[in-house]
Amino acid sequence: MSYKALSSILKVLSDPSRLEILDLLSCGELCACDLLAHFQFSQPTLSHHMKLLVTNDLVTTRKVGNKQMYQLNHVLLESIQQNLNVINTANQHCVCKSMKLGEC
């Protein structure tokens, strides 16, 4: 994952409500009505948050009857976690692995 892509995702994750939505979805798939019942904001506000999460592939969606169901994209979230591990010297994706640092 590029630094630019990671930065864009982190901007989406920087909102406390969206982090809380992801936390709720970590328990399993939920419909929009279940998510809305947890929060004190309107349905259009939830739709705004969900659109950002879905557009950035953090959450997947499917329609069941008249309900919109949401689920975490575990593959992407694991990739984000690995890419955030940049301060670990064992990180195989670290830019320093491709550079000869300290040879100035």
Side-chain angles (χ1 to χ4, degrees):
M1 179 179 295
S2 72
Y3 292 124
K4 186 174 183 172
L6 183 59
S7 174
S8 293
I9 289 171
L10 291 175
K11 287 177 187 173
V12 173
L13 293 176
S14 69
D15 183 276
S17 294
R18 290 192 282 272
L19 285 175
E20 194 168 354
I21 290 168
L22 293 178
D23 191 17
L24 289 167
L25 292 174
S26 72
C27 298
E29 185 178 56
L30 293 172
C31 69
C33 56
D34 290 333
L35 291 168
L36 193 57
H38 179 79
F39 293 99
Q40 298 298 315
F41 49 66
S42 66
Q43 186 278 326
T45 300
L46 177 65
S47 292
H48 169 75
H49 289 306
M50 298 314 297
K51 181 178 180 179
L52 287 169
L53 292 169
V54 170
T55 301
N56 287 278
D57 295 324
L58 294 160
V59 170
T60 60
T61 183
R62 67 186 182 99
K63 192 147 177 102
V64 177
N66 65 345
K67 291 185 177 183
Q68 196 70 23
M69 303 298 292
Y70 297 99
Q71 188 173 35
L72 291 179
N73 180 348
H74 293 282
V75 173
L76 180 60
L77 291 169
E78 288 172 14
S79 176
I80 293 166
Q81 183 180 6
Q82 289 174 352
N83 280 276
L84 286 175
N85 196 15
V86 295
I87 60 171
N88 182 346
T89 57
N91 180 4
Q92 295 302 313
H93 303 289
C94 182
V95 70
C96 63
K97 300 287 184 197
S98 64
M99 299 177 64
K100 294 183 180 183
L101 298 176
E103 296 181 6
C104 307

To the nearest 0.5 Å, how far apart are OG in S17 and CG in D23?
12.5 Å

Contacts of type ring-ring contact (aromatic ring centres under 6.0 Å, His included), residue F41, not counting sequence neighbours
F39, H49

Please report the C-alpha distance between L6 and I80 in whole Å, then the side-chain angles of each, then the deciding distance to 0.1 Å, and finally whether the side chain to side chain contact (heavy atoms under 4.5 Å, CB included) criterion is met.
CA-CA 7 Å; L6 183 59; I80 293 166; 4.0 Å; yes

Residue pairs fulfilling salt bridge (charged side-chain N to carboxylate O under 4.0 Å, His left out) with at least one residue in residues 40-56, sequence neighbours excluded
none

Going by side-chain contact (heavy atoms from CB on, under 4.5 Å), name the residues that satisfy it together with V75, two or more places apart in sequence or in a different chain.
N73

For M69, what are the other residues in its hydrophobic cluster, where any two members join if their side-chain heavy atoms are less than 4.5 angstrom apart?
V64

What heavy-atom pair brings D57 and L76 nearest, and what distance separates the two atoms?
O-CD2, 3.2 Å

Can you name the residues that form a side chain to side chain donor-acceptor pair (under 3.5 Å) with S8, not counting sequence neighbours?
none

Pairs flagged by salt bridge (charged side-chain N to carboxylate O under 4.0 Å, His left out) wherever residues 5-20 is involved - sequence neighbours left out
none

Value for CG (L13) from CD1 (I9), rounded to nearest 0.5 Å, stands at 7.5 Å

Residues in side-chain contact (heavy atoms from CB on, under 4.5 Å) contact with S2, at least two apart in sequence or another chain:
K4, A5

Do you know the tightest heavy-atom contact between Y70 and C31?
CD1-C, 4.5 Å

Just so I know, are the side chains of L46 and I21 near enough to count as touching, which here means a heavy-atom distance under 4.5 Å?
yes

What's the separation between atom CG in L25 and atom CG in L72, rounded to the nearest 0.5 Å?
5.0 Å

Contacts of S47 meeting side chain to side chain donor-acceptor pair (under 3.5 Å) (sequence neighbours excluded), chain-then-number -> Q43

Taking side chain as C-beta onward, heavy atoms only, is V59 less than 4.5 Å from L22?
yes

Provide the full list of side-chain hydrogen bond (donor to acceptor under 3.5 Å, both in side chains) pairs with a residue in residues 24-35, sequence neighbours left out, each pair given once.
E29-R62

Does N56 reach the main-chain N or O of L52 with its side chain, forming a donor-acceptor pair under 3.5 Å?
yes

Determine, step by step, whether V12 and T55 satisfy the side chain to side chain contact (heavy atoms under 4.5 Å, CB included) criterion, reporting the C-alpha distance in whole Å, the side-chain angles of both residues, the deciding distance to 0.1 Å, and the verdict.
CA-CA 10 Å; V12 173; T55 301; over 6 Å; no

Which residues satisfy the side chain to side chain donor-acceptor pair (under 3.5 Å) test with S42, sequence neighbours excluded?
T45

Rounded distance [0.5 Å steps], CD in Q82 versus CD in E78
7.0 Å

How would you list, by chain and number, every residue that makes a side chain to side chain donor-acceptor pair (under 3.5 Å) with T61, sequence neighbours excluded?
Q68

